[in-house]
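In what follows, chains carry the letters A, B, and so on, assigned in the order in which the sequence lines appear, proteins first and then strands, with residues in each chain numbered from 1.
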Amino acid sequence: AQSVTQPDIHITVSEGASLELRCNYSYGATPYLFWYVQSPGQGLQLLLKYFSGDTLVQGIKGFEAEFKRSQSSFNLRKPSVHWSDAAEYFCAVGAGGADGLTFGKGTHLIIQP
Amino acid sequence: EAQVTQNPRYLITVTGKKLTVTCSQNMNHEYMSWYRQDPGLGLRQIYYSMNVEVTDKGDVPEGYKVSRKEKRNFPLILESPSPNQTSLYFCASSLVSGGPQMEQYFGPGTRLTVT
């Protein structure tokens, strides 16, 4: 069965600084990988996804993520964060089976002025 | 507008009083799923459905029921709610369960409190 680990429960970043959120997955084959964002009081919104091909994928809101098979990682990055990026971020992996996606426990991003 | 809707958004109830949370999607998606979100535990899948009349248990199905009589609707039923079911619930749907179109679209959530 697949699993996802987000090592950082909370991350604090100054506005304008760069951001990297870590995600490690466990799965035997090439997985389908996703990052979602949950703003306060909202549902989850898809930021980006990886299926195959280029290991660097671009998403919405200026986010990107890089798939590294050798490290079983799919880290999310943004060059310059804005106060509106404060939210909960979830990494998810899908194996393509009936049970859909497996989510990490999330990283809470705090933006300092 | 393509969306997943849930009702109600907020619900406070008492132990043992049956309740239903509705979920509907207008994207003709085959796959639908229910999750609960609890602090420090992330999202855990309760039940999922591959298509009409096809449902199966997720990771935490105890105390819940679902049905899928129509493609667009996937209600979550709590026959006898207990305080440990106090949580934030999300319904999600995707075109298919696997492959390049498996990304899930989420509803806005239902905050349930059982006293």
Side chain, backbone, both or neither: which part of Gln37(B) has an atom under 4.5 Å from a heavy atom of chain A? side chain

What I'd like to find out is whether the side chain of Ser49(B) reaches to under 4.5 Å of the side chain of Val66(B), using heavy atoms alone. no

For Ala87(A) against Ser39(A), the heavy-atom pair lying closest together: CB-CA, 4.0 Å

Among residues 49-61 of chain A, those lying within the under-4.5 Å heavy-atom range of chain B are Lys49(A), Phe51(A)

Quick one: what part of Leu44(A) sits under 4.5 Å from any heavy atom of chain B, side chain, backbone, both or neither? both

Side-chain contact, heavy-atom cut-off 4.5 Å: Gln85(B) with Tyr64(B)? yes

Counting only non-hydrogen atoms closer than 4.5 Å, does Gln38(A) touch chain B with its backbone (N, CA, C, O), its side chain (CB onward), both, or neither? side chain

Taking non-hydrogen atoms and a cut-off under 4.5 angstrom, which of residues 105-115 of chain B neighbour chain A? Phe106(B), Gly107(B), Pro108(B)

To the nearest 0.5 angstrom, please state how far the OG1 atom of Thr20(B) sits from the CD1 atom of Ile77(B). 5.0 Å

Can you measure from NZ (Lys57(B)) to CD1 (Ile46(B)) and round to the nearest 0.5 angstrom? 13.5 Å

Leu41(B) CG: over 12 foreign heavy atoms closer than 6.0 Å: yes

Considering only heavy atoms from C-beta outward, does the side chain of Leu19(A) approach that of Asp85(A) to under 4.5 Å? no

Distance from Thr12(A) atom OG1 to His10(A) atom NE2, nearest 0.5 Å? 8.5 Å

Return the CG to CD distance between Leu21(A) and Gln6(A), rounded to the nearest 0.5 Å. 8.0 Å

OG1 on Thr102(A) to CZ on Phe34(A), rounded to 0.5 Å: 11.0 Å

Co-membership, hydrophobic cluster, residues Val4(B) and Leu76(B), 4.5 Å side-chain: no

Do you know which of Pro39(B), Ser94(B), Gly40(B) has the most heavy-atom pairs under 4.5 Å to chain A? Gly40(B)

Find out whether Phe63(A) and Val37(A) are in side-chain contact, i.e. whether some heavy atom of one side chain is under 4.5 Å from a heavy atom of the other. no

Quick one: do Leu46(A) and Met32(B) end up in the same hydrophobic cluster if we chain Ile, Leu, Val, Met, Phe, Trp and Tyr together by side-chain heavy atoms under 4.5 Å apart? no

Selection residues 66-75 of chain B - residue pairs positive for salt bridge (charged side-chain N to carboxylate O under 4.0 Å, His left out), sequence neighbours left out: none

Anything in residues 70-81 of chain A with a heavy-atom distance to chain B below 4.5 Å? Please list those residues in order. none

Spell out, yes or no, whether Phe103(A) and Trp34(B) are grouped together once hydrophobic residues are joined by side-chain heavy atoms under 4.5 Å, including indirect joins. no

